[in-house]
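Contents: one structure, followed by commentary.
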Amino acid sequence: MSKITGKLHARLLPVAVTSSGWDTEQLQAAGQAANLGYLIPDFHNPTGMCMPTSVRQKLELACPTVVDETMTDLALDVPSPEPLALHMPAAVSIGSVSKSIWGGLRIGWIRALPSLLERVEQARPTTDLGTPVVEQLATAVLLNEHQTRRPDTLQQLRSPRDALRQALTEHLPDIHALQPAGGVTLWATFPGPVSSRLAAMAPDHGVTIAAGPRFGIGGAFERNIRLPYTLPSSQLIQAIRRLAQAEQALAQGATGTHAPAPIA
């Protein structure tokens, strides 16, 4: 959520996503104060959670809402979720084929009311340096052939996800991590607030992680790290072994010298 305080300025209003899901009352209260809402209901980044249909059906926000559907097609353990716009017709839905088809195909899309799309079409030439025609044509063909739903890709994500969770159980048993039903990341929780210090220590042991506070406001999530599972299982297992070594060194009083990575 964001509260616009001046030209080109905004104040973010965070709404918690807990292990039990989205807090509908808190979301709706934030929507009363916000000028714009931004939601990732489908395999949320970074937690990997999927908003239940029961929440989608009763969610009503008083502010314009952007719904990020980039991860929608990466449903690993559940059916592909229904669009939130089905229950919130005025929502602006955005997505991309970079996750479901190929990371090098950086083509996105927007689904909204015709009146808004007309305004976007008129405004785009003033801000866009160029339109990748060939890539858009290729994407149109792939979408028409339903190539975003690829069972082989989903299986390629399930295997390393499961290997990552098993490695955490073996080498970092104190970490709590829910199994994400889809997407490409796992949200791990440590017993104590070690995230930023661990991110500074980890490169000394050959692994890079993004500290939890990068995904929150005001220093939140110092007990969390985001772990992508897009690498081969063998590399993920090795990475967790090295991360466990870094945590052990931290517990013994070592200090890292690296700035936390912006992404991981």
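Residue numbers run from 1 in the order of the sequence given.
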**OP:** State which residues pass salt bridge (Lys or Arg N to Asp or Glu O under 4.0 Å) with R241; sequence neighbours excluded, sorted by chain then number.
**Re:** none

**OP:** Please answer: with hydrophobic residues joined when any side-chain heavy atoms are less than 4.5 Å apart, are I110 and V66 in the same cluster?
**Re:** yes

Original post:
If you measure from the Lys or Arg side-chain nitrogens to the Asp or Glu carboxylate oxygens, is any gap between D204 and R242 under 4.0 Å?
Top reply: no

**OP:** Could I get the full list of side chain to side chain donor-acceptor pair (under 3.5 Å) partners for S98, not counting sequence neighbours?
**Re:** S96

Original post:
Would you call I107 and P132 a side-chain contact if the rule is heavy atoms closer than 4.5 Å?
Top reply: yes

Subject >> Least distance between heavy atoms, A75 atom then V78 atom >> reply: CB-O, 3.2 Å

**OP:** Give the intermediate values and the outcome of side-chain contact (heavy atoms from CB on, under 4.5 Å) for residues K58 and H87.
**Re:** CA-CA 8 Å; K58 63 183 180 181; H87 307 289; over 6 Å; no

Subject >> Beyond-backbone contact of K99 with D73, side-chain heavy atoms, under 4.5 angstrom >> reply: no

**OP:** Look up atom CG in L86 and atom OG1 in T53, then write down how far apart they are to the nearest 0.5 Å.
**Re:** 9.5 Å

Subject >> S195 and N224: side chain donor to acceptor below 3.5 Å >> reply: no

**OP:** Write down the atom of P160, the atom of L231, and the distance for their closest heavy-atom approach.
**Re:** CB-O, 3.4 Å

Subject >> R56 (side chain) donor-acceptor with M51 (main chain) under 3.5 angstrom >> reply: yes

Original post:
Going through the distances and angles, do D68 and L39 end up as a side-chain contact (heavy atoms from CB on, under 4.5 Å)?
Top reply: CA-CA 6 Å; D68 189 336; L39 301 176; over 6 Å; no

**OP:** Start with the C-alpha gap between V194 and R197, add the side-chain angles, then the distance that decides, and say whether side-chain contact (heavy atoms from CB on, under 4.5 Å) holds.
**Re:** CA-CA 5 Å; V194 300; R197 290 182 292 146; 3.4 Å; yes

Original post:
With no hydrogens and no angle check, do the side chains of Q155 and S159 hold a donor and an acceptor under 3.5 Å apart?
Top reply: yes

Original post:
Do L227 and I237 sit in the same hydrophobic cluster, where Ile, Leu, Val, Met, Phe, Trp and Tyr count as joined when their side-chain heavy atoms come under 4.5 Å apart?
Top reply: no

Original post:
Does the side chain of Q166 pick up a donor-acceptor pair with the side chain of E170 at under 3.5 Å?
Top reply: yes

Subject >> Heavy-atom closest pair, residues A34 and C63 >> reply: O-CB, 3.3 Å

Original post:
Between R150 (side chain) and I101 (backbone), is there a donor-acceptor pair under 3.5 Å?
Top reply: yes

Original post:
Heavy-atom distance under 4.5 Å between the side chains of T47 and L186, does that happen here?
Top reply: no

Original post:
What distance separates L105 CG from T139 OG1, expressed to the nearest 0.5 Å?
Top reply: 3.5 Å

Original post:
Are I240 and L178 in one and the same hydrophobic cluster, where Ile, Leu, Val, Met, Phe, Trp and Tyr link if side-chain heavy atoms are under 4.5 Å apart?
Top reply: no

Subject >> Gap separating the CH2 atom of W22 from the SG atom of C50, nearest 0.5 angstrom >> reply: 6.5 Å

**OP:** Please report the shortest heavy-atom distance between M71 and D42, naming the atom on each side.
**Re:** CB-O, 3.4 Å

**OP:** May I ask you to decide if A16's main-chain N or O and Q26's side chain share a donor-acceptor pair within less than 3.5 Å?
**Re:** yes

Original post:
Are the side chain of R226 and the backbone N or O of G212 linked by a donor-acceptor pair below 3.5 Å?
Top reply: no

Original post:
For the side chain of T127 and the backbone of R124, is there at least one donor-acceptor N/O pair under 3.5 Å apart?
Top reply: yes

**OP:** Look up atom CH2 in W187 and atom CD1 in I175, then write down how far apart they are to the nearest 0.5 Å.
**Re:** 12.0 Å

**OP:** List in chain and number order the residues that pass ring-ring contact (aromatic ring centres under 6.0 Å, His included) with Y229, two or more places apart in sequence or in another chain; answer none if no residue qualifies.
**Re:** none

Subject >> Atom of A249, atom of M201 and distance for their closest heavy-atom approach >> reply: CB-SD, 4.4 Å

**OP:** For residues Q248 and Q252, determine if any side-chain heavy atom of one lies less than 4.5 Å from a side-chain heavy atom of the other.
**Re:** yes

**OP:** Could you tell me whether a side-chain N or O of T169 sits under 3.5 Å from a main-chain N or O of R165, the two making a donor and an acceptor?
**Re:** yes

Subject >> Nearest-0.5 Å distance that lies between atom CG in L76 and atom CG in L157 >> reply: 5.5 Å

Original post:
Do I217 and P14 have side-chain heavy atoms sitting under 4.5 Å apart?
Top reply: yes

**OP:** Would you check, one step at a time, whether the test side-chain contact (heavy atoms from CB on, under 4.5 Å) holds for T18 with D23?
**Re:** CA-CA 8 Å; T18 68; D23 187 322; over 6 Å; no

Subject >> Donor-acceptor contact present, side-chain E247 to main-chain L172, <3.5 Å >> reply: no

**OP:** With the side chain counted from C-beta on, respond yes when Q179 and D162 share a heavy-atom pair under 4.5 Å apart, and no when they do not.
**Re:** yes

Subject >> Nearest-0.5 Å distance that lies between atom CG in N45 and atom CD1 in I40 >> reply: 5.5 Å

Original post:
CD of E60: more than 12 outside heavy atoms within 6.0 angstrom?
Top reply: no

Subject >> Within-4.5 Å side-chain heavy-atom neighbours: P41 and V67 >> reply: yes

Original post:
Going hydrophobic residue to hydrophobic residue with side-chain gaps under 4.5 angstrom, can you get from L61 over to V55?
Top reply: yes

**OP:** State whether E69 and R111 are salt-bridged, where the test is any N-O pair (Lys NZ or Arg NE/NH1/NH2 against Asp/Glu carboxylate O) under 4.0 Å.
**Re:** yes

Subject >> L36 with L116, same ILVMFWY side-chain cluster at under 4.5 Å >> reply: yes

Original post:
What is the minimum heavy-atom distance between H171 and A244, and which atoms define it?
Top reply: O-CB, 3.5 Å

